[in-house]
Structure formats: C-alpha cells, structure tokens
There are 2 protein chains.
Amino acid sequence: MEDIIAKLREHGIGLTPQRIAVAQVVLRDRSHWSADEVWQLVQQRLPTVSRATVYNNLNLFVAKHLLKEQILQGGHVVFDSCVEPHHHFLDEQTGQIHDVPWEAVRVETHDALGDFEVRDYQVIMRGRRRNH
Amino acid sequence: MEDIIAKLREHGIGLTPQRIAVAQVVLRDRSHWSADEVWQLVQQRLPTVSRATVYNNLNLFVAKHLLKEQILQGGHVVFDSCVEPHHHFLDEQTGQIHDVPWEAVRVETHDALGDFEVRDYQVIMRGRRRNH
DNA sequence: ATCTCAAATTATACTATATCTAAATTTAAA
DNA sequence: TTTAAATTTAGATATAGTATAATTTGAGAT
Ligand SMILES: [Mn+2]
Ligand SMILES: [Mn+2]
Ligand SMILES: [Zn+2]
Ligand SMILES: [Zn+2]
C-alpha cells in the first residue's frame, strides 16, 4: 500500500483515490489483467469508478513505464506488471498467461537478418501446462 | 487464378465469385492484410461485396488452414498467407510486417520450462529495417 | 484554514472491429 | 430442371477503446 503510493510519487504521478485503487490492483503482484478485468476489480472497492478513469490510468501507467501493454492472444490487450524483458507462455486450455524468465530462453539469430536492426524481441510460446 | 481455384477445391471449399475474389487477394502472394484491407481490395473487383462476406471467407480460410490469424501489433488482427512456422519482424517506423524464415533464428530453452509443454512458438522482433 | 487552478473524473457520444440474424440468392448435385 | 444446402447480404448487435466537455477534486500558495 505505502510502497505503491511511494512508487507513484517517485514517477511524478498525482494521487487520487481512483488512481490508487487502480494501482493497487495492477501494480501489487505479477499480473496480466485486461482493462475490463481491472475495472471490475476496482469497482469492488470504489463502486462508482468510471470505465474511462480505469483506461486513463492504465494508459498513464504505461506512459510512465510502470506497466507494459502486451497483445498475446485473441487481440485482447493486457497490462503486464513486469516491465523488464521476459517471454510468455500461453496455456491453450485455460487461457492463462505465464511469464517465462528472460534467462530461461536463448535466442540466436542465424545470420539472414541482415537488414533488420532488432531493438526488442520476445518469444511467445503456446501449449499446455503439465500437472496442475 | 486456376491454381487458387484448385487449392479451394482440394480443401473441399465451395466456389462463389466473392470467395474467389477474397482468395485471389489473400492467397496469391506472401501477405499480412487486415480484414478491412482485404475488403477494400476485393471491392475493386466486386464493388457490391459485403463486409460480412469478407469476414466469413477469411474465417473459413483460417478454419481450413489456408490462412493463419496473427496478432502482431496494436491489437490488429492480420491474415498471414504463410501457414508454415516462421517468425516476424515489425518495423516500428513504417508499421510493416516482415516474415523471418524459421531457419534464421534458433531458440534454445535453458531448462526451467519444466511444466510448460510447448506445442508452438514464434519470435516477434521489433526494430528498424536498415537501408530502404 | 481558505483560495485557486491545473489535473482528474465522469457521463456520454463516438469510432473501430467483429459477430449475429434472418431473409434472399446462388451453387451444385440429383 | 428441380431442389436442398450453402452462401451472401443488410442491418442489428457486441465489444474494446477513445474523444468531449462539464464537473469535481487535489494540493500548493496565501
Ligand atoms: Mn491502449
Ligand atoms: Mn477472428
Ligand atoms: Zn508478462
Ligand atoms: Zn507471416
């Protein structure tokens, strides 16, 4: 709670009850929520919050690099609380998104990329999670 | 022209002028068109074709494995005429999508993927294309 | 503590993408 | 040629997100 408010201040972001509630949903743990999921979760604490405010704040957090937008499946945007480079595994059965640590995968480009100056990349894997 | 019709027949797909026109746009060359881009291109030959028909046929071609849906940037779906495994490079300046041959990139999983049974993956790269 | 105004929130309208419906048309097989 | 199934179509509906403009509020200055 206090550290989330501190993080907002550090990034020069003004405080409002709505904004704090959005931050508490989306910055607390590792997560990949959609905008409307965030809205529903925020409504549990602030029943009158508007959808536009949730979008405004999610977009603000992306601009301030506290969140990263990811489009991983079905054209649905999710907001990734981990802004460091990492890969993703999509469970095709459950629809769940799992983070895959950067170090868990090595990508080597076998020449042929001549003209492509890569500034950023990620591996997107699909499959099933065994057990569980 | 003839080989596109042959390909539709091979896959047990009935023929209509609208369907053939969509196929000619989307199955002729390597491409990553959006649905509305396809609609505009088809309208040049068949000015009265409806948007629903374009969507119906693109979705049919995906179901029949003649196309693959890709969501690569901005939440915009595109229809990939290459259904074989390959990677993608997104030019952040121009917005263009480039195919990267499967052999041009090697991906090694450095253990740690224990529970994840990967059935499919791709590398999505972003950056600038040098020259051009 | 009060004043002030830039910033934020809100309801609403609007855009874009995609699917659904049900009637009319067309394809292709009998 | 007849017929049934498949396809197309306009329009309605659904969903995700942005734009607008009036209202409210946070927080620094007095
Ligand atoms: Mn966005
Ligand atoms: Mn689709
Ligand atoms: Zn992630
Ligand atoms: Zn491709």
Side-chain angles (χ1 to χ4, degrees), chain A residues 4-6 8-26 32-43 45-64 66-80 95, chain B residues 4-6 8-26 32-43 45-64 66-80 95:
Chain A
I4 281 178
I5 287 177
L8 294 178
R9 278 202 228 274
E10 278 167 33
H11 286 76
I13 298 174
L15 299 182
T16 68
Q18 294 87 343
R19 181 166 291 165
I20 292 168
V22 171
Q24 282 174 340
V25 166
V26 98
H32 302 88
W33 300 116
S34 72
D36 277 336
E37 286 169 340
V38 176
W39 188 32
Q40 292 193 358
L41 291 165
V42 170
Q43 278 180 307
R45 295 236 162 221
L46 285 178
T48 65
V49 74
S50 77
R51 218 162 68 93
T53 293
V54 171
Y55 273 96
N56 286 345
N57 283 305
L58 291 173
N59 288 337
L60 174 69
F61 295 164
V62 171
K64 297 292 190 181
L66 295 175
L67 287 179
K68 191 166 175 351
E69 252 189 46
Q70 300 274 5
I71 300 125
L72 298 171
Q73 58 191 349
H76 290 224
V77 172
V78 297
F79 294 87
D80 197 333
Chain B
I4 281 179
I5 287 178
L8 295 179
R9 277 202 227 272
E10 277 167 34
H11 285 77
I13 298 174
L15 299 181
T16 68
Q18 295 87 343
R19 181 167 292 163
I20 293 169
V22 171
Q24 283 175 340
V25 166
V26 98
H32 302 88
W33 300 116
S34 73
D36 276 336
E37 286 169 340
V38 176
W39 187 32
Q40 293 192 357
L41 290 165
V42 171
Q43 277 179 310
R45 295 235 162 221
L46 285 178
T48 65
V49 74
S50 77
R51 221 160 67 92
T53 293
V54 171
Y55 273 96
N56 286 345
N57 283 306
L58 291 173
N59 288 337
L60 175 69
F61 294 166
V62 171
K64 297 292 190 178
L66 295 174
L67 287 180
K68 192 166 176 345
E69 252 188 47
Q70 299 274 5
I71 300 123
L72 298 170
Q73 58 191 347
H76 290 228
V77 172
V78 297
F79 293 87
D80 196 334

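Worth knowing before you read on, the calculation uses all heavy atoms, side chains too, and leaves out hydrogens, waters and symmetry mates. Numbered from 1 within each chain, the chains take letters A, B, ... in sequence-line order. Quick caveat, the model's predicted, so the values are computed rather than measured.
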Euclidean distance, atom [atom1] of residue [X] to atom [atom2] of [N] [Å, nearest integer]:
| X | N | atom1 | atom2 | answer |
| --- | --- | --- | --- | --- |
| A:L60 | D:dT18 | CG | C1' | 16 Å |
| A:L8 | C:dA7 | CG | P | 17 Å |
| A:I71 | D:dA16 | CD1 | P | 14 Å |
| B:R19 | C:dT25 | CZ | P | 19 Å |
| A:D36 | D:dT18 | CG | P | 12 Å |
| A:I20 | D:dG26 | CD1 | C1' | 11 Å |
| A:E69 | D:dA16 | CD | P | 14 Å |

Among all residues two or more places apart in sequence or in another chain, which pass the ring pair (Phe, Tyr, Trp, His ring centres under 6.0 Å) test with A:H76?
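With sequence neighbours excluded, A:H76 shows a ring pair (Phe, Tyr, Trp, His ring centres under 6.0 Å) to no residue whatsoever.
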
Heavy atoms within less than 4.0 Å of DNA chain D: which residues of residues 45-54 of chain B have one? Give them sorted by number.
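Within residues 45-54 of chain B, the residues near DNA chain D are B:T48, B:V49, B:S50, B:A52, B:T53.
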
Taking only side-chain N and O atoms of [X], does any of them lie within less than 4.0 angstrom of OP1 or OP2 on [N]?
| X | N | answer |
| --- | --- | --- |
| B:N57 | D:dT8 | yes |
| B:Y55 | C:dA18 | yes |
| B:N59 | C:dT19 | yes |

Spell out, as yes or no, whether a donor-acceptor pair under 3.5 Å connects the side chain of A:E69 to the backbone of A:V77.
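No; judged by distance alone, with no hydrogens or angles, the pair does not exist.
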
Checking the side chain of A:R51 only, and the main-chain atoms of A:W39 only, is there a donor and an acceptor separated by less than 3.5 Å?
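Such a contact is absent between A:R51 side chain and A:W39 backbone.
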
Between A:T53 and A:V22, is the side chain to side chain contact (heavy atoms under 4.5 Å, CB included) condition met? List the steps.
CA-CA 9 Å; A:T53 293; A:V22 171; 5.6 Å; no

A:A35 has a side chain; which of D:dG17, D:dT8, D:dA16 sits nearest to it?
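Closest nucleotide among those given: D:dG17.
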
Side chain to side chain contact (heavy atoms under 4.5 Å, CB included) between B:L15 and B:R9, intermediate numbers included:
CA-CA 8 Å; B:L15 299 181; B:R9 277 202 227 272; 3.5 Å; yes

Kindly indicate, with the supporting measurements, whether the criterion side chain to side chain contact (heavy atoms under 4.5 Å, CB included) is fulfilled by A:D36 and A:Y55.
CA-CA 9 Å; A:D36 277 336; A:Y55 273 96; 4.3 Å; yes

CG on B:L60 to CG on B:L67, rounded to 0.5 Å:
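Between atom CG of B:L67 and atom CG of B:L60 there are 9.5 Å.
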
CG on B:N59 to CZ on B:F79, rounded to 0.5 Å:
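The CG atom of B:N59 is 5.5 Å from CZ of B:F79, to the nearest 0.5 Å.
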
Would you check, one step at a time, whether the test side chain to side chain contact (heavy atoms under 4.5 Å, CB included) holds for B:V26 with B:N57?
CA-CA 10 Å; B:V26 98; B:N57 283 306; over 6 Å; no

Table of protein N/O atoms under 3.5 Å from nucleotides 27-30 of chain C N/O atoms:
residue : atom : partner : partner atom : Å
C:dT27  : O3'  : B:L15   : O            : 3.1
C:dA28  : OP1  : B:L15   : N            : 3.1
C:dA28  : OP1  : B:L15   : O            : 3.4

Look at all strands and tell whether A:N56 reaches a base, only sugar-phosphate, or nothing, counting heavy atoms closer than 4.0 Å.
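The residue A:N56 makes base contact.
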
